[in-house]
Amino acid sequence: MASHYYLEMQENFKNNNKSREFPAHSAKVHSVAWSCDGRRLASGSFDKTASVFVLEKDRLVKENNYRGHGDSVDQLCWHPTNPDLFVTASGDKTIRIWDVRTTKCIATVNTKGENINICWSPDGQTIAVGNKDDVVTFIDAKTHRSRAEEQFKFEVNEISWNNDNDMFFLTNGNGCINILSYPELKPIQSINAHPSNCICIKFDPTGKYFATGSADALVSLWDVEELVSVRCFSRLDWPVRTLSFSHDGKMLASASEDHFIDIAEVETGEKLWEVQCESPTFTVAWHPKRPLLAYACDDKDGKYDSNREAGTVKLFGLPNDS
């Protein structure tokens, strides 16, 4: 028996399964993220810039391009409760905090290495950034100074706080999830999550679950309290690069080099929908209030030159007649 939610969302996507693309950058887009109020979408690109769009009805309108980084912007995220601030991590060994009201960089923080992943603590006080040398630096979001720095002996892939802000999670190259107490940063537990490289991790908005994606193409759903795997999603064939929970915690989008994004119902693991893509997907992000999914792929600009990268941001879940 399909759940009431399942039938409702199937009906929703039958009428709203259109994707539109919006020019954002001159090279591929590595990361997309919504502001907490859902008004803006930011994207970070290989072209060394970030872009910010405003969501108007059923389209994204480009508001600004943010320049200053000297290398690729690999990941970005917004302040958890302030919809005006976002932070970017770059290979230029800095992170930058930007304010959309002034469109200026309000802080540039120098770090030790080439930064590849970043997250903002749920209480808004700390930014954690990980680099290519598996060092995670914890930066005070107000003073912009480093509070702590941890060198890990394994390949650190993605980092995240739990929703309660008292534990810090890392996924690693040995297929494990390492959990540290926060702010003490003492190891609590290491979970053997996957037989191969554990790539990404996301917490659901309700705080009940987190999901991990791995190189074995599996997505695992974990109970936050028990720290046990509840179920597995196995519809992808390639390493899972990116995950996102919907605002109600009931849908999970996952993507890889497969030419579709899988949308699963969290409670049953059933496939709700798949979003067709022409190329591998780097990043997915559900809107914080609506069933709209922003994503970016490894696109080529076929119209003019098939070797030229297209830096587009895409939005799925729009009305078919839009």
Salt bridge or not for [X] and [Y], using N-O below 4.0 Å?
{"X": "Lys112", "Y": "Glu149", "value": "yes"}
{"X": "Asp99", "Y": "Arg101", "value": "yes"}
{"X": "Asp140", "Y": "Arg147", "value": "yes"}
{"X": "Glu257", "Y": "Arg241", "value": "yes"}
{"X": "Asp84", "Y": "Arg39", "value": "no"}
{"X": "Glu63", "Y": "Arg40", "value": "yes"}

* **Worked verdict on Val109 versus Thr94 for side-chain contact (heavy atoms from CB on, under 4.5 Å)** => CA-CA 5 Å; Val109 184; Thr94 69; over 6 Å; no
With side chains defined as the heavy atoms from C-beta onward, is the minimum distance between [X] and [Y] less than 4.5 Å?
{"X": "Asn64", "Y": "Trp98", "value": "no"}
{"X": "Glu265", "Y": "Ser3", "value": "yes"}
{"X": "Ile97", "Y": "Ile127", "value": "yes"}
{"X": "Leu60", "Y": "Leu41", "value": "yes"}
{"X": "Gln276", "Y": "Glu274", "value": "yes"}
{"X": "Ser256", "Y": "Pro239", "value": "no"}
{"X": "Phe169", "Y": "Ile188", "value": "no"}
{"X": "His194", "Y": "Leu218", "value": "yes"}

* Asked: What class does the angle between the rings of Trp78 and Phe86 fall in, given that below 30° is parallel, 30 to 60° is tilted and above 60° is perpendicular?
  ->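 Ring orientation of Trp78 relative to Phe86: tilted.
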* Asked: Taking the inter-plane angle between the rings of Trp273 and Phe13 on a 0 to 90° scale, is it parallel (under 30°), tilted (30 to 60°) or perpendicular (over 60°)?
  ->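 Tilted: the ring planes of Trp273 and Phe13 meet at 30° to 60°.
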Taking the side chain from [X] and the backbone from [Y], do they hold a donor-acceptor pair closer than 3.5 Å?
{"X": "His247", "Y": "Lys289", "answer": "yes"}
{"X": "Ser244", "Y": "Trp286", "answer": "yes"}
{"X": "Ser246", "Y": "Met251", "answer": "yes"}
{"X": "Asp134", "Y": "Phe152", "answer": "no"}
{"X": "Asn131", "Y": "Asp133", "answer": "yes"}
{"X": "Asp258", "Y": "Ile261", "answer": "no"}
{"X": "Trp34", "Y": "Gly38", "answer": "no"}
{"X": "Ser72", "Y": "Lys48", "answer": "no"}
{"X": "Ser51", "Y": "Ala24", "answer": "yes"}
{"X": "Ser181", "Y": "Lys186", "answer": "yes"}

Heavy-atom closest contact ([X] atom, [Y] atom, distance):
{"X": "Pro23", "Y": "Thr312", "value": "CA-CG2, 4.2 Å"}
{"X": "Pro187", "Y": "Leu180", "value": "CA-CD2, 3.7 Å"}
{"X": "Cys200", "Y": "Thr242", "value": "SG-N, 3.7 Å"}

* Would you sort out whether Ile177 and Trp222 count as a side-chain contact (heavy atoms from CB on, under 4.5 Å), showing the intermediate values? => CA-CA 11 Å; Ile177 304 163; Trp222 301 82; 3.9 Å; yes
Considering residues, nucleotides and ligands other than [X], do more than 12 of their heavy atoms fall under 6.0 Å from its [atom1]?
{"X": "Lys62", "atom1": "NZ", "value": "yes"}
{"X": "Glu56", "atom1": "CD", "value": "yes"}
{"X": "Glu225", "atom1": "CD", "value": "no"}
{"X": "Lys132", "atom1": "NZ", "value": "no"}

Let me confirm one number: the [atom1]-[atom2] distance from [X] to [Y], rounded to the nearest 0.5 Å.
{"X": "Ser90", "Y": "Arg96", "atom1": "OG", "atom2": "CZ", "answer": "8.5 Å"}
{"X": "Ser322", "Y": "Asp58", "atom1": "OG", "atom2": "CG", "answer": "5.0 Å"}
{"X": "Ser229", "Y": "Asn192", "atom1": "OG", "atom2": "CG", "answer": "12.5 Å"}
{"X": "Thr108", "Y": "Asp92", "atom1": "OG1", "atom2": "CG", "answer": "8.5 Å"}
{"X": "Asn165", "Y": "Thr126", "atom1": "CG", "atom2": "OG1", "answer": "7.0 Å"}
{"X": "Glu158", "Y": "Ile116", "atom1": "CD", "atom2": "CD1", "answer": "10.0 Å"}

* **side chain to side chain donor-acceptor pair (under 3.5 Å) assessment of Tyr209 paired with Glu267** => CA-CA 10 Å; Tyr209 299 120; Glu267 284 303 339; 3.1 Å; yes
Suppose we call two aromatic rings close when their centres sit under 6.0 Å apart. Are [X] and [Y] close by that rule?
{"X": "Tyr182", "Y": "Trp161", "result": "yes"}
{"X": "Phe316", "Y": "Tyr295", "result": "no"}
{"X": "Phe168", "Y": "Phe138", "result": "yes"}

Is there a chain of hydrophobic side chains (I, L, V, M, F, W, Y, each step under 4.5 Å between heavy atoms) that links [X] to [Y]?
{"X": "Leu318", "Y": "Phe53", "value": "yes"}
{"X": "Val32", "Y": "Val54", "value": "no"}
{"X": "Leu170", "Y": "Phe203", "value": "no"}

* What do the steps show when you test Leu272 against Gln10 for side-chain contact (heavy atoms from CB on, under 4.5 Å), and what is the final call? -> CA-CA 6 Å; Leu272 259 173; Gln10 283 253 304; 4.0 Å; yes
* For side chain to side chain donor-acceptor pair (under 3.5 Å), just list the numbers for Thr171 and Asn157, CA-CA rounded to whole Å, side-chain angles, deciding distance to a tenth of an Å, and then say yes or no. => CA-CA 5 Å; Thr171 59; Asn157 287 321; 4.7 Å; no
* To do: Assess whether side-chain contact (heavy atoms from CB on, under 4.5 Å) is satisfied between Leu243 and Val284, documenting all intermediate values.
  => CA-CA 6 Å; Leu243 296 164; Val284 295; 5.6 Å; no
* Asked: Thr88 and His69: side-chain donor and acceptor closer than 3.5 Å?
  ->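 Yes, His69 and Thr88 have a side-chain donor paired with an acceptor closer than 3.5 Å.
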* Is it the case that Thr49 and Asn65 place a side-chain donor and acceptor less than 3.5 Å from each other? ->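 Distance-only check passes for Thr49 and Asn65.
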* Assess whether side chain to side chain donor-acceptor pair (under 3.5 Å) is satisfied between Asn172 and Asn178, documenting all intermediate values. => CA-CA 8 Å; Asn172 79 29; Asn178 292 83; 2.7 Å; yes
* Please report the C-alpha distance between Ser45 and His30 in whole Å, then the side-chain angles of each, then the deciding distance to 0.1 Å, and finally whether the side chain to side chain donor-acceptor pair (under 3.5 Å) criterion is met. => CA-CA 5 Å; Ser45 166; His30 287 304; over 6 Å; no
* To do: Report the residue from Asn117, Thr111, Ile118 that forms a side chain to side chain contact (heavy atoms under 4.5 Å, CB included) with Asn115.
  =>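 Single pass found, and it is Thr111.
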